[in-house]
2 protein chains.
Amino acid sequence: MKTQPARKTKQRDALREVLERSERPLSVNELLEAAAKRVDGLGVATVYRTVGALLGDGAIEAVEIPGEPVRYERANKGHHHHFQCEKCARVFDIAGCLENLRTLVPPKFRIRTHDVTLYGLCAACAR
Amino acid sequence: MKTQPARKTKQRDALREVLERSERPLSVNELLEAAAKRVDGLGVATVYRTVGALLGDGAIEAVEIPGEPVRYERANKGHHHHFQCEKCARVFDIAGCLENLRTLVPPKFRIRTHDVTLYGLCAACAR
DNA sequence: GCCTAGATGAGAATAGTGTATCATTATCAG
DNA sequence: CTGATAATGATACACTATTCTCATCTAGGC
């Protein structure tokens, strides 16, 4: 998988912009759907290719939740975690993080990263 | 998916026992591999069926980590989370949990559950 | 405007998981 | 011991997510 040699196209612009403007992580399908409104006939392959390139550039990051398709979001949001609504299945960012994680593991274990995902109902679905 | 009408077989015993004795969550393949040592010719279908029944009984619980096959572990361990070694890919239990999660989400959101997964090197791989 | 290599889109191909089918085997009540 | 029927195992099938192929299109240097 090599870096895309760069050429400005409307499909890439559309995808980049959708990702840039979204306040929550989007799956490939959500991306396709949203970007297809701007570029007619947009295909999945292009979405995958562009997402791959953006990941390579470090412009976006993957958000993985078990049993769910991978979602992507802007990389410049700082450390945060996610919340998935059990009703509408959308994923939201949540600010902040727990910092006493180190204390949880046995002494010889080395922690490099961590994921925290909360599940429940989002504001819209909770009423 | 209905409850299995119960009949004692060596394959079920083997699977139940492997799960019972394992100190860490096991995937279907790990289960198959481990139980096949006791019951020759054990098939995947039986593993899936048995796991399904045990889940239904509440005897085991699913442990899901993004991009990884689902693992299963005894349900009577109490609340805890998991650690995955980035080298050997095994998953370990970690005791304890962060309790100030409620403070992280916007006020209208309702939290029902949460997952915390740490990644790094296990004691064996860290040296 | 022309040309070429990069980019695209449609669909085929792949990979990983889990379920359904069905002939055979084995449990266990009587 | 025997028979009814649940359980098994091999395999086909279904699904989803992602990659590949390749003919066609197009951005952009000249």
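These figures come from a predicted structure and were not determined experimentally. Just so it is clear: chains get the letters A, B, ... in the order the sequence lines come, proteins before strands, and each one is counted from 1.
- Across the protein-nucleic acid pair, B/D13 atom CG and D/dA6 atom P stand 19 Å apart, rounded to whole Å.
- B/R110 pairs by the salt bridge (Lys or Arg N to Asp or Glu O under 4.0 Å) definition with nothing, not counting sequence neighbours.
- Distances shorter than 4.0 Å separate some side-chain N or O of A/Q11 from OP1 or OP2 on C/dG9.
- Remark: C1' of C/dT17 and CD1 of B/I65 are 17 Å apart, rounded to the nearest angstrom.
- For the pair A/R12 and C/dT8, the criterion of a side-chain N or O lying under 4.0 Å from OP1 or OP2 is met.
- The nearest whole Å value for the distance from the CZ atom in A/R71 to the P atom in D/dT16 is 15 Å.
- For the salt bridge (Lys or Arg N to Asp or Glu O under 4.0 Å) test, residues two or more places apart in sequence or in another chain that qualify with B/R21 are B/E17.
- Among residues two or more places apart in sequence or in another chain, the salt bridge (Lys or Arg N to Asp or Glu O under 4.0 Å) test is passed with B/K8 by B/D13.
- Think of A/V63 as one node in a network of Ile, Leu, Val, Met, Phe, Trp and Tyr side chains linked at under 4.5 Å; it has no links at all.
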Take B/H114 and A/H81 through the test ring pair (Phe, Tyr, Trp, His ring centres under 6.0 Å) and record every step on the way to the result.
-> CA-CA 11 Å; B/H114 64 275; A/H81 295 292; over 10 Å; no
Side-chain atoms of residues 91-98 of chain B: list all donor-acceptor pairs with protein atoms under 3.5 Å, sequence neighbours left out, distances to 0.1 Å.
{"from": "B/D93", "atom 1": "OD1", "to": "B/H80", "atom 2": "NE2", "distance (Å)": "3.4"}
{"from": "B/D93", "atom 1": "OD1", "to": "B/H82", "atom 2": "NE2", "distance (Å)": "3.2"}
{"from": "B/D93", "atom 1": "OD2", "to": "B/K77", "atom 2": "NZ", "distance (Å)": "2.7"}

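- Cluster partners of B/L121, using a side-chain heavy-atom cutoff of under 4.5 Å among ILVMFWY residues and allowing indirect links: none.
- Rounded to an integer number of Å, the gap from B/L31 CG to C/dT17 C1' is 15 Å.
- Atom CG in B/N29 sits roughly 9 Å away from atom P in C/dG18 (whole-Å rounding).
- The side chain to side chain contact (heavy atoms under 4.5 Å, CB included) check on A/Y119 picks up A/I65, A/P66, A/Q84, A/E86, A/T117, B/T113, B/D115, with sequence neighbours excluded.
- Between B/R49 and the phosphate of D/dA7, there is no side-chain N or O to OP1/OP2 separation shorter than 4.0 Å.
- Qualifying ring pair (Phe, Tyr, Trp, His ring centres under 6.0 Å) partners for A/F83, counting only residues two or more places apart in sequence or in other chains: B/F109.
- Recorded end-axis angle for the helix from C/dG1-D/dC30 to C/dG30-D/dC1 stands at 30°, based on five pairs per end and rounded to 10 degrees.
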Protein-nucleotides 26-28 of chain C N/O pairs under 3.5 Å:
{"from": "C/dT27", "atom 1": "O3'", "to": "B/K8", "atom 2": "O", "distance (Å)": "3.4"}
{"from": "C/dT27", "atom 1": "O2", "to": "B/R7", "atom 2": "NH1", "distance (Å)": "2.8"}
{"from": "C/dC28", "atom 1": "OP1", "to": "B/K8", "atom 2": "N", "distance (Å)": "2.8"}

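- For the pair A/L54 CG and C/dA7 P, the interatomic distance rounds to 13 Å; values are reported in whole Å.
- Remark: the backbone N or O of B/L42 is not paired with any side-chain donor or acceptor of B/T46 at under 3.5 angstrom.
- Residues meeting the salt bridge (Lys or Arg N to Asp or Glu O under 4.0 Å) test with B/E68, sequence neighbours left out: B/R71.
- Listed by residue number, the members of residues 38-48 of chain B with any heavy atom below 4.0 angstrom from DNA chain D are B/G41, B/L42, B/G43, B/A45, B/T46.
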